Amino acid sequence: MNIFFSLMSGAVAGLALAAPLGAIGVLLIQEGVTRGLRRGMPGAAAVATVDILYCTAAVTAGAVAGPIVGGWEPWPQIVGGSALLAIGARGLLKSQGTRGFDVERGVTRSGTSRRRYVLFLGLTALNPATLVYFTALLAGLDQVTETPAAAVSFIAGVGIASFGWQALLVVLGAGLRQKAAPSFHRWTAIVGNGLVALLGIALIARAV
């Protein structure tokens, strides 16, 4: 049951992280539009790889610090939940001012699949907010670091959800002939950031 809980928690966390449509999401849609489904998938795999690596780093750090932090309850859950709530609220506020897709023109769409993978790997890794997100989340989910199996299940859930969402963006791009409407951007931002905020509220409620 603990492994299943960790897997599902990881899937929700991965989806909440991936769903807000930022610059990388826009570029993945453009990969599908300009390179097609098969040649656009390396970009999706690269983004999911970074999410897995950052999640692994956060889980590892949490496992080391767990015995120390365990004596501080319920403050880790309250602080972590508050951080997630702030991240989600900020994203929801920003989503109200979304103005369609401003694709980063500096990123070329040529090159082999390996080069595209490395490019998206670097672009995604430049955003440290992903590591901050997982660190804040894991501060209140000590169950996912109780055993190695639970930790691996959580990371696997994150990876599956992240790649599934990124792949969906590539599929969407491959099916589009023109740029998507600005309302699509706003909708994904609201759903994704709403999930982040709900996770934060759930952690705070669990603590109190």
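These numbers come from a predicted model, not from an experiment.
L17 is listed as a side-chain neighbour of T130, based on a closest heavy-atom distance under 4.5 Å. Between V170 and R38, the closest side-chain pair of non-hydrogen atoms is not below 4.5 Å. The side-chain heavy atoms of S113 and M41, taken from C-beta on, include no pair separated by under 4.5 Å. Contact check for R115 versus V118: no side-chain heavy atoms found under the 4.5 Å cut-off. Two residues are said to be in side-chain contact when any heavy atoms from C-beta on lie closer than 4.5 Å; I204 and S82 meet this criterion. Inter-residue side-chain proximity for L137 and F154 is flagged as met; some heavy-atom pair is nearer than 4.5 Å. In this structure the side chain of V158 reaches within 4.5 angstrom of the side chain of F134, judged on heavy atoms.
Listed here is the closest heavy atom pair of L15 and A161: N-CB, 3.7 Å. The two residues L37 and A174 have their closest heavy-atom pair at N-CB, 4.0 Å. Nearest approach of R39 to E31, heavy atoms of both residues: O-OE1, 4.4 Å. The two residues Q166 and L28 make their nearest non-hydrogen contact at OE1-CD1, 3.2 Å. Between A151 and V59 the shortest heavy-atom distance is CB-CG1, 3.6 Å. Considering all non-hydrogen atoms of both residues, I3 and S153 come closest at CG2-OG, 2.9 Å.
By the rule that hydrophobic residues join a cluster once side-chain heavy atoms approach within less than 4.5 Å of another member, I160 and L53 end up as members of separate clusters. Hydrophobic clustering (ILVMFWY, side-chain heavy atoms < 4.5 Å, transitive): I52 and V12 are in one cluster. L7 and V152 fall into different hydrophobic clusters, where Ile, Leu, Val, Met, Phe, Trp and Tyr are joined by side-chain heavy atoms under 4.5 Å apart, directly or via other members.
Here T49 pairs with Y117 under the side-chain hydrogen bond (donor to acceptor under 3.5 Å, both in side chains) rule; sequence neighbours left out.
Checking side-chain atoms of W165 against main-chain N and O of A18 turns up a donor-acceptor pair under 3.5 Å.
To the nearest 0.5 Å, atom OG of residue S9 and atom CZ of residue F4 are 9.5 Å apart. In this structure, OG1 on T124 lies 4.0 Å from CD1 on I24, to the nearest 0.5 angstrom. Note that OG1 of T56 and CD1 of I155 are 3.5 Å apart. Values are rounded to the nearest 0.5 Å.
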